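As the structure is a computational prediction, the values presented were derived from the model and not from experiment.
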Amino acid sequence: MSAKYLAGFAAICGAAIVGLDYYQQAKASENGLGLKGYVASVSARVGISESRLEAGAQPSQPEEPAAKAPSEEVRKLVCTTIGTSKRCRSSG
């Protein structure tokens with residue numbers, strides 16, 4: 001089998017899979033599904049959010065400065081979510 005036939009076969013299989021997935025998503029949607037809605041549903045199922053896509057387009061901001069030592073009297077756990085990771089630190 002030549003590379004052209006293999007590439008054509010892969011393209012047809014990919015188009016069939018995308019078509020069937022679109023059909024299933026449109027059927028599950030109550031009021032139809034446009035191209036933008038389909039792309040959003042695929043992004044949500046894969047795990048890519050729109051804010052993450054926009055963050056990739058914008059220049060990254062420097063990370064927060066190093067945390068200062070918390071006071072000994074009151075310790076409170078403060079958690080921040082950055083992307084998909086969660087960072088926790090104790091603060092006073």
Side-chain angles (χ1 to χ4, degrees):
M1 189 185 280
S2 72
K4 289 181 183 179
Y5 290 119
L6 185 60
F9 180 73
I12 291 172
C13 288
I17 290 171
V18 169
L20 289 172
D21 184 51
Y22 177 80
Y23 174 74
Q24 291 293 325
Q25 293 299 318
K27 194 166 82 170
S29 176
E30 292 178 2
N31 54 354
L33 188 66
L35 180 63
K36 196 172 192 178
Y38 177 68
V39 170
S41 74
V42 170
S43 299
R45 288 183 287 149
V46 173
I48 302 172
S49 65
E50 287 185 27
S51 62
R52 199 168 168 193
L53 291 174
E54 291 172 1
Q58 297 174 354
S60 62
Q61 298 175 355
E63 290 194 24
E64 62 186 62
K68 297 178 182 177
S71 65
E72 296 294 326
E73 298 171 1
V74 179
R75 291 190 180 228
K76 182 178 175 184
L77 189 62
V78 177
C79 297
T80 56
T81 303
I82 301 173
T84 57
S85 63
K86 187 173 184 180
R87 296 182 181 173
C88 296
R89 60 184 168 93
S90 62
S91 67

What distance separates Thr81 OG1 from Arg87 CZ, expressed to the nearest 0.5 Å?
-> 10.5 Å
Are Asp21 and Arg45 close enough that some pair of their side-chain heavy atoms sits under 4.5 Å apart?
-> yes
Who passes side chain to side chain contact (heavy atoms under 4.5 Å, CB included) against Cys88, sequence neighbours left out?
-> Leu77, Cys79, Lys86
Is there a donor-acceptor pair closer than 3.5 Å between any side-chain N or O of Ser29 and the backbone N or O of Gln25?
-> no
Output the distance between atom OH (Tyr23) and atom CG (Leu33), rounded to the nearest 0.5 Å.
-> 13.5 Å
Is there a chain of hydrophobic side chains (I, L, V, M, F, W, Y, each step under 4.5 Å between heavy atoms) that links Ile82 to Val78?
-> no
Grab the two heavy atoms, one from Val18 and one from Tyr38, that are nearest each other, plus how far apart they are.
-> O-OH, 3.7 Å
